[in-house]
Amino acid sequence: MPYKKPERVPFQGFSEFLRGKGFTSPKLAEVLGCCPNTAMKKLKRPGLFTIEDVGRLYRKGHIPLTELREAIKE
């Protein structure tokens, strides 16, 4: 059986960006206003982030909107 590279999750760069900024599931849960389990699920599958979540990251997480846009594009 030939080796198959694992597929990259869509928007994985956004999740890596948030982890690079120091957002763990408890800290992300505090910013988003959800439980840590939901925050961990969103970190593992970044496609689950909503526009409201991005707005909360901007307002409560103190991440500039331009940086968030660039991270989403990757």
Side-chain angles (χ1 to χ4, degrees):
M1 188 109 187
Y3 174 75
K4 244 178 122 175
K5 277 181 134 177
E7 292 184 25
R8 189 170 166 92
V9 176
F11 302 108
Q12 186 65 35
F14 185 64
S15 179
E16 292 168 358
F17 168 76
L18 290 177
R19 288 185 180 169
K21 289 283 189 181
F23 282 96
T24 58
S25 64
K27 186 175 178 185
L28 184 63
E30 184 179 319
V31 170
L32 296 180
C34 62
C35 69
N37 290 339
T38 304
M40 178 57 76
K41 187 189 310 182
K42 289 184 180 193
L43 280 175
K44 287 184 178 179
R45 295 180 54 210
L48 297 176
F49 278 97
T50 63
I51 298 296
E52 290 179 6
D53 294 338
V54 174
R56 287 183 184 127
L57 285 168
Y58 168 67
R59 287 188 304 276
K60 293 181 182 177
H62 306 291
I63 300 175
L65 200 52
T66 55
E67 289 183 21
L68 286 170
R69 286 183 189 146
E70 289 299 319
I72 291 171
K73 287 182 184 178
E74 294 176 3

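When reading the values below, keep in mind they use all heavy atoms of this one structure, side chains included, and skip hydrogens, waters and symmetry mates.
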Point to revise | Over 12 foreign heavy atoms within 6.0 Å of CD, Glu67 | key: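 Yes, CD of Glu67 has more than 12 neighbouring heavy atoms, counting only those of other groups under 6.0 Å.
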Check your understanding: CZ of Arg45: more than 12 outside heavy atoms within 6.0 angstrom?
Key ->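 No, not enclosed.
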Any side-chain heavy-atom pair from [X] and [Y] closer than 4.5 angstrom?
{"X": "Thr24", "Y": "Leu43", "answer": "no"}
{"X": "Phe17", "Y": "Ile72", "answer": "no"}
{"X": "Leu48", "Y": "Asp53", "answer": "no"}

Nearest 0.5 Å please: distance from the [atom1] atom of [X] over to the [atom2] atom of [Y].
{"X": "Lys27", "Y": "Leu18", "atom1": "NZ", "atom2": "CG", "answer": "10.5 Å"}
{"X": "Thr50", "Y": "Lys42", "atom1": "OG1", "atom2": "NZ", "answer": "5.0 Å"}
{"X": "Arg56", "Y": "Ile63", "atom1": "CZ", "atom2": "CD1", "answer": "14.0 Å"}
{"X": "His62", "Y": "Lys21", "atom1": "NE2", "atom2": "NZ", "answer": "12.5 Å"}

Practice item. Please answer: with hydrophobic residues joined when any side-chain heavy atoms are less than 4.5 Å apart, are Phe11 and Met40 in the same cluster? Key: no
Looking at [X] and [Y], what are the two nearest heavy atoms and their distance?
{"X": "Ala39", "Y": "Ser25", "result": "CB-O, 3.4 Å"}
{"X": "Gln12", "Y": "Lys44", "result": "OE1-O, 4.4 Å"}
{"X": "Leu32", "Y": "Phe49", "result": "CD1-CE2, 4.1 Å"}
{"X": "Val31", "Y": "Phe23", "result": "CG2-CE2, 3.8 Å"}

